[in-house]
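Remember, predicted model here, so these are calculated numbers, not experimental data. This chain uses plain numbering: 1 for the first residue, then up along the sequence.
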Amino acid sequence: MPFKKNLLVFLFFTTVLSAQKAAYSTLLLPDSLKQNANAVVRLNQIDVLISSQRSMNVKEKRVVTVLNEKGQNSIDAYEHYDKRRSIKNIQAIILDAFGNEIKKIKRKDFRDQSAVDGGILFSDGRVVFLDYTPTQYPFTIVYESEIETSTTAFVPPWFPLDGYLLSIERSIINVTYPENLGFKKKECNFSNFKIKKTVDTSTQLSYEANNILAQKYEDYSPDFTNIFPKVLMGLEFFNLEGVDGSAKTWKEFGKWWSDKVLVGTEELPEETKIKMKALVGNENDPIKKAKIIYKYVQEKSRYVAISEGIGGWRPMLVKDVDRLGYGDCKALTNYTKALLNAVGVPSYYTKLYGSRDKQNIEADFVSQQGNHIILTIPNGENYVFLECTSQDDPFGYQANFTDDRDVLVIKPEGGEIIRTKNYENKDNSQMDKGSYSLDENGNLSGKITMVSEGSQYGMKVRVEKMQPTEKEAYYKEFWGNISNLRIDKSVFSIDKEKVSFTENMEIAAENYGKLSNGKMIFVVNAYNQFTENIKRIRNRKTPFEIQRGYYDTDEIEINLPSGFAMESLPQNVELDSKFGEYKTEIVKKDNNNLVYKRSILIKKGLYKNLEYDEYRLFMEQIARNDNAKIILTKNQ
């Protein structure tokens, strides 16, 4: 009997284990989840236990079937740790296509390395991650981890769908918390997705999502996190790297940040204060003083990243930045603030998301947010914003990284959400004036002056520091419509006061005009063609966004070759759309000289998915007209 009982127990557990493995066989995956997918998340379960203001435990089980090589990025088997965040458990099991175990991976088999990258000078952070090279596809990985941390300022957000070309079979999050810590949540973008809130009490919250099909990336889509489901979570009473905090409003949060995080960091050496006062001299205008100080900081300091303990959030001491001449965004911003304070100019430490894609601080969700720090200077009813990590940016320039977004300004009386500078469509300009000539063989020689401002300044000014080979490659791509391009001369000038970048170029190209049967054919718009292919997207699902508009004007003199007569000129064109405006005009000065005028205005905006085709057709019309040709006939 004992033998029979033991046999039954053995068979029971064997059957359960086999059933669990069989559940992850790729044969059981519905075709709908495999369609457009590089990987399928079979299960992603996150269990968050907040025991107190200074204690949080996070367990995760993530089961991912990787269908092909591109699906490797969806495994996400890694954990960070430092002095206040420890890894209690991390392991993985690899299963084949049928759910059979191939390999068991324990903590010692994970790679463990510093979290420092090339741009970080100091960091006490490390990362443990799985580095697994499969022998065949598909395969499934069952990944489990558990971490404990005393920092509760960051309750993990829930993204049931966390990437493109990834299907979700089942995603769950369970959060347990004390009633007295002021737990809060914000649900975003739930419509059109199968998401259930299964528990919502004073101490528990749970969500579940099932059978979310893989999403394809669609050109011009807004940021992923702005269109797909997410739940933000936080506490009113929290701990940040050993510092307790509490805040119900942004004003309270900013006051805490000022009093507990920034406190004690701003003391300048007396000799530096004297030096700054001498530097500004008799200047009384606060903004002119700020320009002098900003120039000093740019010339004296350099940017390095620092992420060590509370140093990941608290700036290094101002006196150390002054002595060493370097710092990260926090340190250099705080340093500039202290220098301005020494000459009587008020300014504010400012938290935000810095990125080319515009991302706002969530104004209606008070919590620890942002990945970058800048400085805000009051200027009457407005503000001037300074990027203190750049040695090259003009005073107050923001385009392409910190422009047009909600930010948290930390004033002495507390925090306040304000919006950074918005560069309007026509602010982002490129003004071209030049000429080109064609000889009887169709060879082109030309001169052009291009003046770029606004966001176009930021995109173009980098050319000035390129090496000669890089510069040549850049212009060959920029003027990809001109075959056999040769750059004969390039002279650049930067006006930081006006914030403009000027390119004076001389170019040449053989056979720009094509000769055939006594005719010469060439594209009239040599210098500024719109050649981008706006992809056709059938049944587009997401809205589309033009994040930054722009305005280009061109006036180009064209000298035609002698011995040819004009047979055909492109018609003048004028287009007007909700997305922008476009206009061309050809003025005939005499039989050998033309003036080509062109202007294009593209308007920024968030547009409906059903408007995408209209936009595509508008841009196709522009591309077609930009490729309009002149036909000349050789005189007999």
(request) Is it possible for you to check whether Lys184 lies under 6.0 Å from the centre of the six-membered ring of Phe365, through NZ or CZ, and within 45° of that ring's axis? (result) yes
No-hydrogen, no-angle side-chain donor-acceptor test under 3.5 Å, Ser150 and Arg54: no
Query raised in the report: Would Asp322 and Tyr335 satisfy side-chain hydrogen bond (donor to acceptor under 3.5 Å, both in side chains), going step by step from the backbone distance to the final call?
Result: CA-CA 8 Å; Asp322 190 60; Tyr335 179 57; 2.5 Å; yes
Point to revise | Short side-chain donor-acceptor distance under 3.5 Å, Asp223 and Thr225 | key: yes
d(Asp219 CG, Ile534 CD1) to nearest 0.5 Å is 7.5 Å
**Message:** Tell me if the centroids of the rings in Trp313 and Phe154 come within less than 6.0 Å of each other.
**Reply:** yes
So, for Phe224 and Tyr164, is the gap between ring centers shorter than 6.0 Å?
yes
Item checked: Any donor-acceptor N/O pair, Asp328 side chain to Val304 backbone, under 3.5 Å -> no
query: Would you say the side chains of Glu146 and Asn57 form a donor-acceptor pair under 3.5 Å?
result: yes
For Leu213 and Ser32, the nearest pair of non-hydrogen atoms, with its separation, is CD2-O, 3.5 Å
ask   = Do the non-hydrogen side-chain atoms of Lys34 and Leu67 ever get within less than 4.5 Å of each other?
value = yes
Could you go through the salt bridge (charged side-chain N to carboxylate O under 4.0 Å, His left out) check for Lys337 and Glu266 one step at a time? CA-CA 8 Å; Lys337 180 177 183 291; Glu266 296 183 21; 3.2 Å; yes
If we ignore angles and hydrogens, is there a donor and acceptor under 3.5 Å between the side chains of Gln204 and Ser206? no
Practice task
May I ask you to test the Asn180-Phe237 pair for a side-chain heavy-atom distance under 4.5 Å?
Solution key: no
Would Tyr348 and Ile374 count as a side-chain contact (heavy atoms from CB on, under 4.5 Å) here? Give the steps. CA-CA 9 Å; Tyr348 311 127; Ile374 60 174; over 6 Å; no
* Asked: Side chains of Lys186 and Asp364: does their closest heavy-atom pair fall under 4.5 Å?
  -> yes
Quiz item: Is the shortest heavy-atom distance from the side chain of Tyr177 to the side chain of Val155 under 4.5 Å?
Solution: no
**Asked** Can you check whether Glu387's main-chain N or O pairs, donor with acceptor, with Ser390's side chain at less than 3.5 Å?
**Response** no
Using a distance-only test with no angle check, is there a side-chain donor-acceptor pair under 3.5 angstrom linking Thr542 and Glu218? yes
Could you check whether the rings of His372 and Phe401 sit parallel, tilted or perpendicular, using 30° and 60° as the cut-offs? perpendicular
Rounded to the nearest 0.5 angstrom, the CZ-SG distance for Phe228 and Cys188 is 14.0 Å
Show me the donor-acceptor pairs, under 3.5 Å and distance only, between side chains in residues 90-99 and residues at least two apart or in other chains.
residue, atom, partner, partner atom, Å
Gln91, NE2, Glu144, OE2, 3.4
Asp96, OD1, Phe98, N, 2.8
Asp96, OD1, Gly99, N, 3.0
Asp96, OD1, Asn100, N, 2.8
Asp96, OD2, Asn100, ND2, 3.4

query: Hey, are Lys197 and Asp200 close enough for a salt bridge, meaning a charged N less than 4.0 Å from a carboxylate O?
result: yes
- prompt: Any side-chain donor paired with an acceptor under 3.5 Å for Glu179 and Thr203?
  reply: no
Compute whether any side-chain donor of one residue and acceptor of the other, for Arg62 and Tyr143, lie under 3.5 angstrom apart.
-> no
Interatomic distance, CD1@Ile227 vs CG@Asn609, rounded to 0.5 Å, equals 10.5 Å
In short, Asp162 meets Asp76 closest at the heavy-atom pair OD2-OD2, 3.9 Å
(message) I'd like to know if the side chain of Ser55 and the backbone of Ser51 have a donor-acceptor N/O pair within less than 3.5 Å.
(response) no
**Study point:** Tyr81-Asp112 side chain donor-acceptor pair, cut-off 3.5 Å
**Key:** yes
Parallel, tilted or perpendicular: which one describes the rings of Phe544 and Tyr612, with boundaries at 30° and 60°?
perpendicular
Taking Leu33's backbone N and O only, do any of them form a donor-acceptor pair with Ser167's side chain (distance below 3.5 Å, no angle check)?
yes
* **Arg548 with Asp403: basic N within carboxylate O range, under 4.0 Å** => yes
Judged by atom type as modelled, is there a donor-acceptor pair below 3.5 Å linking the side chain of Arg540 to the main-chain atoms of Pro543?
-> yes
**Asked** Got a donor-acceptor contact below 3.5 angstrom from the Thr389 side chain to the Cys329 backbone?
**Response** no
- Task: Test side-chain contact (heavy atoms from CB on, under 4.5 Å) on Thr176 and Ile50 and set out the steps.
- Result: CA-CA 6 Å; Thr176 304; Ile50 303 168; over 6 Å; no
| query | Any luck finding a side-chain donor-acceptor pair between Gln359 and Ser355 under 3.5 Å? | reply | no
Per side-chain contact (heavy atoms from CB on, under 4.5 Å), Val261 is matched among Arg314, Lys330, Glu241 by Arg314
The complete set of side-chain hydrogen bond (donor to acceptor under 3.5 Å, both in side chains) pairs with one or both residues in residues 226-239, sequence neighbours excluded, reads Lys230-Glu362, Asn239-Asp244
Value for NZ (Lys103) from CD1 (Ile141), rounded to nearest 0.5 Å, stands at 10.0 Å
With side-chain contact (heavy atoms from CB on, under 4.5 Å) as the test, would you mind laying out the steps for Glu208 and Asn210 before giving the verdict?
CA-CA 7 Å; Glu208 182 171 340; Asn210 293 282; 3.2 Å; yes
Could you go through Lys604 and Lys358, starting from their C-alpha distance and side-chain angles, then the distance that decides it, and tell me whether this counts as side-chain contact (heavy atoms from CB on, under 4.5 Å)?
CA-CA 12 Å; Lys604 77 166 189 174; Lys358 298 173 185 178; 4.1 Å; yes
Asp47 side chain to Gln45 side chain, donor-acceptor N/O pair below 3.5 angstrom:
yes
In this structure, CD1 of Ile373 is separated from OG1 of Thr402 (nearest 0.5 Å) by 12.0 Å
| message | Does the structure place the NZ or CZ of Lys421 under 6.0 Å from the centre of the six-membered ring of Tyr423, at an angle of no more than 45° from the ring's axis? | response | yes
Between Thr376 and Thr350, do the side chains contain a donor N or O and an acceptor N or O under 3.5 Å apart?
yes
Do the side chain of Asn533 and the main chain of Lys535 share a donor and acceptor less than 3.5 angstrom apart?
no
May I ask you to decide if Asp31's main-chain N or O and Gln35's side chain share a donor-acceptor pair within less than 3.5 Å?
no
Next on the checklist: As a quick check of understanding, evaluate side-chain hydrogen bond (donor to acceptor under 3.5 Å, both in side chains) for Thr65 and Arg42, giving each step before the final call.
Outcome noted: CA-CA 7 Å; Thr65 294; Arg42 316 297 294 275; 2.9 Å; yes
Angle class for the Trp250/Phe253 ring planes (parallel below 30°, perpendicular above 60°, tilted otherwise)?
-> perpendicular
In this structure, CG of Leu165 is separated from OG of Ser74 (nearest 0.5 Å) by 8.5 Å
**Item:** Pair Thr469-Gln467, side-chain donor/acceptor within less than 3.5 Å
**Value:** no
Between Gly327 and Leu332 the two heavy atoms that sit nearest each other are O-CD1, 3.4 Å
Of all heavy-atom pairs linking Pro315 and Thr265, the shortest is O-CG2, 3.8 Å
